[in-house]
Each structure stands twice: as C-alpha cells, then as structure tokens.
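Note that ligands are numbered from 1 as they come in the structure, with each ligand's atoms numbered from 1 the same way. What's counted below: heavy atoms across the whole structure, side chains too, no hydrogens, waters or symmetry copies.
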Amino acid sequence: MCGIVAYIGKKEAYPILIKGLKRLEYRGYDSAGICLLNSGLNVYKCKGKVADLEAFASSKDISGTVGIGHTRWATHGEPNDVNAHPHYSGNEKLALIHNGIIENYDPLKKELVKRGHIFKSDTDTEVLVHLIEDVQANENLSLAEAVRIALTQVVGAYAIAVMDKSDPNVIIGAKKGSPMVVGIGKNEFFLASDATPIIEYTNEVVYLEDEQIVELRVGQDPIVRSIENEVMTPYIHELEMKLEALEKGGYEHFMLKEIFEQPRSISDSMRGRYHVQSGTVTLGGISDYEQKMANAKRIIIVACGTSWHAGLVGEYLIEDLARIPVEVEYASEFRYRNPIINEDDVVIAISQSGETADTLAALELAKSKGATIIGVCNVVGSSISRITDAGSYTHAGPEIGVASTKAFTSQVTVLLLMALRLAHKKGSIAESRFQRILASLEKIPAQVEEVLQSAELVKYIAGQYKDSRNFLYLGRGYNFPVALEGALKLKEISYIHAEGYPAAEMKHGPIALIDAEMPVVVIAPSKGSYEKVLSNIQEVKARKGKIIAVVTKGDTSAAELADHVIEIPETEEELVPILASVPLQLLSYYIAVMRGCNVDQPRNLAKSVTVE
Ligand code: G6P
C-alpha cells in the first residue's frame with residue numbers, strides 16, 4: 001500500500017504534492033510526509049493524515065519546484081513521525097519515498113551497520129536509501145546509476161522516488177511489484193502510484209514496468225532504463241479519466257457518492273456489450289480467448305476482499321449458465337498452497353484496483369504453469385490488466401471510498417455478461433432464458449435507481465440498530481455471496497462484528513448467538529429458495545432475533561415475519577445480487593456515519609493492498 005507522488009518542473013511543488021497525496025490517501029493514511037528542495041533538502045513528516053501534515057508544514061518553508069510526497073500504510077515499524085516517509089540517507093543528501101516491502105532489509109541493514117551506517121527508523125525503506133547512498137559514495141556514481149545498482153541487491157517490492165541534494169534537477173523513480181505512473185507535462189514531470197494526482201496537469205502518462213528506472217530532468221525527455229541498464233523506449237498512454245470522477249460532487253462521502261453512482265456505473269459496465277434486439281452479448285476484450293474459456297475443463301477465479309465475493313457470484317453464474325466447473329480461491333491462499341494448475345485451465349482475476357499483490361502473484365503463478373489468464377479489473381492500465389492475456393474492464397469509474405461498492409456491482413455485471421457469452425458459445429443455455437436475462441439486465445440501472453429511493457427507510461433502520469454489537473447476514477444461492485459482502489461492508493466501516501452465512505447453515509452454529517439483541521439481515525427475494533429462506537426467518541424469529549428482510553416488491557409472507565422490510569424490484573434470480581447489495585451498502589454506510597466513523601478511510605484498511 002502507501003501512496004507516492006513526485007513533481008519536478010517550474011511550478012511550486014507543495015500544492016501539487018498535497019493535492020496528490022489527498023487523492024492517494026485511499027492507499028494508506030497512518031502518516032504522511034514530503035520532501036522539498038529549497039534552501040536544502042527539507043523533509044516534513046508526521047503521524048496522521050495528509051491534513052495533519054498540512055497543519056505541520058504550515059509554519060515551514062514550503063517553496064520549491066522539486067519534491068516528493070508519501071502517505072503511509074505501516075508495514076515495517078509502527079505509524080509514527082520517525083517511521084513516516086520520506087527517509088533521508090545518512091548524510092541527508094538523498095531523500096526517498098517507497099511503496100512496497102524490502103524483504104531482505106535485515107541482511108542489508110546488518111551489512112550497512114557494519115559499514116558505519118546509523119538508522120533512525122524501524123523501516124525497510126530507510127535501509128534502501130542508505131544502500132543507495134553507500135553505492136553512490138563508494139563508486140562515485142550518478143543518482144540514477146546508484147539507484148539501479150542498489151536495486152539489483154534488493155529482494156521485494158518497491159515503487160520509489162528519490163531526490164538528491166547534489167543534483168537538484170533530477171528525480172529518479174523505479175518500480176517492481178508496486179505501481180508507478182509517470183506523467184509527462186510541458187517542462188514538468190510527475191510520478192505517482194496511480195494517475196489520480198496527475199490528471200489535471202497532463203493526460204500523457206507512461207506506466208513504468210517492473211524493474212525499470214526512470215530519470216526525470218526538466219528540459220529533457222524522460223530516460224527509462226531496465227535494471228540491466230538497457231535504455232528502453234517508453235510507451236505514452238493517453239488517460240481517459242475525468243477530473244469530476246475524483247471529487248465528491250456534493251456528497252458527504254465518496255462512499256455515498258459511489259453508492260448513488262451505481263445506475264450509471266452499471267450502465268457503463270454493460271454499454272455496447274449486449275444487444276437485446278439481436279439477442280447477443282459481445283465482450284471485445286476476451287473475444288480471442290472465449291473459445292478457450294468455453295472449452296476450459298475448469299475456471300479458477302482468484303481475488304481478495306469484495307472482489308472475492310463478486311467471484312463467488314461469478315462461480316454461481318458461470319456454472320449455472322455456461323456449465324463450466326468453477327473454483328473460487330482467495331488469491332493469498334491459492335498462491336501458497338501448491339495448487340494444481342494445467343495448461344487448459346483458465347484463471348480469472350477479479351480486482352478493482354488491478355494492483356492487489358496477492359491477486360497479481362496468483363496470476364503470475366498461474367501464467368508460469370501455462371494457464372490462460374483473464375482479468376476483470378476496474379483500473380485501466382493497472383498491473384493485472386497488463387499481465388493478463390485478455391480481459392474485460394468493469395468501467396465503473398474511479399472508486400475512492402475504501403469500502404468497495406460500485407466496483408462490486410460492476411464486477412457482478414461483467415461476470416454475468418461473461419457467463420452469458422460463454423453459455424451462448426457452448427449452447428448450454430436455452431434461448432428463452434438467455435433472452436429473459438438480457439431483457440432483465442437492460443432494466444437493472446433503472447431498478448437500482450428505484451432501490452436507492454429507499455435510502456431514507458434504510459437510514460431509519462440504521463438508526464434502530466446502530467448500537468448493536470453483532471449482526472448476522474443470511475442468504476442462499478446467488479444471495480449467499482451478497483450476505484458475505486453485506487457483513488464485510490458493515491465490519492469494514494462501522495467496526496461492528498458481522499458474519500455472513502448461507503441461511504440454512506445458520507443451524508450449524510450461528511443460531512446459538514441469536515437473541516433479542518441480534519439483528520439478522522436476510523436476503524429473501526421471491527425467486528430461488530424463497531420458501532426455504534422463509535423457514536430460516538421463522539427459526540430466527542422463534543429465538544427473538546430481529547429481522548431486516550430484503551424482499552421482492554409486493555412480498556407479503558416474508559414481510560409479515562420481518563421487523564423491517566426493504567423492497568427491491570422484481571428481476572431474474574441471476575440479477576438479484578446486484579439489486580440486493582445496494583440496500584446493504586446503504587445500511588452499513590448510515591450505521592457507520594451514525595457511529596461517527598470515518599467512512600471513506602476506515603481504520604487499518606487501505607483500498608489498494610500492494611503488500612502480501
Ligand atoms: C482491500 C479493499 C477492498 C477490496 C480488496 C481487494 O481490502 O479495502 O475493498 O475488495 O482490497 O481489492 P481489489 O482492488 O483487488 O479488488
């Protein structure tokens with residue numbers, strides 16, 4: 001995790017760095033810091049958020065047209081002022097920011113201590129800047145060359161930016177395993193963990209590849225070298241991101257804005273990909289691989305967090321519609337358990353950020369075993385989207401709130417389209433069912449809009465249960481993953497313990513927890529195992545649990561039993577997860593707000609988990 005940003009040009013760097021860090025705060029927010037080149041190399045850093053850094057820097061000299069900035073999610077060393085980045089080298093001539101983990105920091109540190117280096121922090125990052133200093137001093141090298149040689153000794157992941165007091169007109173960036181984007185402006189350059197700090201200054205970017213080092217000097221073209229010292233020609237991409245998408249647009253929180261954006265984000269996920277009249281689905285990004293996917297003996301879905309829940313819905317969809325066996329794996333487990341992967345396997349990675357370290361590593365493993373790897377990512381140009389053979393972007397637009405909302409519904413939408421496409425290709429779906437689902441899909445954005453109109457009701461329900469200490473979420477079939485996702489949302493942002501369970505499985509444990517203090521959220525649409533879910537509701541009621549039921553509009557049976565009812569419009573069973581997850585997002589949101597929690601930046605979490 002951690003967000004990094006750097007600027008070199010003719011403008012004042014400080015406001016660019018601070019604004020950039022605020023955009024990157026979703027990547028970590030336990031401490032922040034900057035280094036500016038003015039009277040010397042001046043580092044200002046402190047524990048807390050970027051706003052705390054601003055307050056801290058307000059009395060300092062913040063002039064300078066070259067600078068680097070960092071917002072941290074602690075890995076090595078607790079979040080405090082000393083461990084915050086940037087870190088100086090021993091002679092304070094270099095300053096460095098880092099996103100990633102230097103795995104062999106311990107032997108490197110021991111060696112450097114022997115050579116007289118003294119360390120101030122507990123971080124792996126400080127070891128790296130001392131190592132660069134050591135290489136530079138001993139071999140009398142330029143900063144770029146010293147960084148390159150130092151990095152040949154490093155095991156781990158990094159995206160770094162380095163400044164040198166003795167060569168004030170240069171910033172060096174490098175990456176391996178952590179993302180880094182270079183922004184190319186007129187007489188100015190930017191470096192950042194993603195394009196969001198860059199977008200208002202230039203739309204020309206270069207996505208640095210692993211083990212590449214970039215040298216940025218005003219008045220010169222960027223020089224990109226491989227770690228083997230080969231000069232590379234950078235490929236310049238045009239950004240399509242819109243600035244408005246990065247701002248709150250009148251909403252109190254990004255999360256609320258993103259929940260309310262779903263009618264549009266879901267439309268964007270399916271735009272141009274299905275045609276009700278001709279009864280077809282087209283996914284251009286995977287068209288060269290769809291035969292291979294349709295023929296696969298099995299599909300393995302790898303993901304983390306909310307994306308893993310979307311993967312579970314994907315499993316139900318692909319197995320049900322396309323009749324291809326699917327396994328859904330936590331990427332972190334998959335990569336370390338010596339999985340069996342064959343050349344005729346297809347591995348689909350689902351990731352909003354496209355940067356999650358475990359998901360990326362799981363894909364690399366699958367690729368090394370010869371499997372076909374497919375991405376379902378939101379961030380265009382992200383690491384996962386670049387290493388996959390093919391993929392379908394979710395096109396949900398930037399998601400800033402740490403708790404994922406619109407990305408989830410877009411992932412489910414894309415997985416549904418993928419399942420339909422494969423089903424059509426295989427002939428495993430009756431034409432009437434195919435048409436029915438397509439026709440229902442077309443209505444989904446308007447139906448999500450309708451669900452959003454129940455926000456006030458959901459807010460009222462949130463008020464009733466905001467002080468609960470536990471929550472249970474139950475669902476069956478397609479709605480079991482929705483229950484898991486609902487529980488995760490509540491945990492993440494309100495810090496209330498919540499569990500998602502398959503409704504019938506409740507009898508095998510969680511039922512012991514149910515009493516009058518336990519709110520139970522049940523997803524009980526009229527399709528699927530409706531009657532069975534009604535019985536599960538009865539079982540909860542018999543133990544005095546409080547029922548919040550998400551039901552199909554017009555339902556009376558579940559409504560009679562429930563303490564609170566939230567209606568969603570009628571749709572096909574396969575599409576219910578999209579509609580049913582929206583009120584659960586709102587419920588978590590309002591409960592968290594009522595409890596005074598920082599909804600967009602929940603404690604200990606980060607949006608893009610680029611460490612294992
Ligand atoms: C973090 C985020 C979650 C996200 C998960 C996977 O835990 O807080 O919201 O679902 O990472 O992220 P990805 O970008 O791979 O979807």
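- Between Gln411 and ligand 1, no N or O atom pair is found at a separation short of 3.5 Å.
- Applying the ring-ring contact (aromatic ring centres under 6.0 Å, His included) rule to Tyr207 yields the partners His237; only residues at least two apart in sequence or on another chain are considered.
- Heavy-atom proximity to Ser351, at under 4.0 Å, picks out these atoms of ligand 1: 13 (P), 14 (O), 15 (O), 16 (O).
- Listed by chain and number, the residues in a side chain to side chain donor-acceptor pair (under 3.5 Å) with Arg298 are Glu327, Asp345 (sequence neighbours excluded).
- Under the 4.0 angstrom criterion for non-hydrogen atoms, Cys304 is in contact with ligand 1.
- At least one N/O-N/O distance between Thr306 and ligand 1 falls below 3.5 Å.
- A side-chain donor from one of Thr394 and Asn378 sits under 3.5 Å from a side-chain acceptor of the other.
- Checking only distances, Val402 does come within under 3.5 Å of ligand 1, N or O to N or O.
- Counted by atom type alone, Thr405 and Gln585 present zero donor-acceptor pairs between their side chains at under 3.5 Å.
- Using a 4.5 Å cut-off on side-chain heavy atoms (C-beta onward), Val347 and Leu363 make contact.
- In summary, the side chains of Glu399 and Ser404 do present a donor paired with an acceptor at a separation below 3.5 Å, with no hydrogens or angles considered.
- Interface atoms of ligand 1 facing Ser404, defined by a heavy-atom separation under 4.0 Å, are 9 (O).
- Atoms of ligand 1 found under 4.0 Å from any heavy atom of Ser307 (numbered from 1 in listed order, with element): 10 (O), 13 (P), 16 (O).
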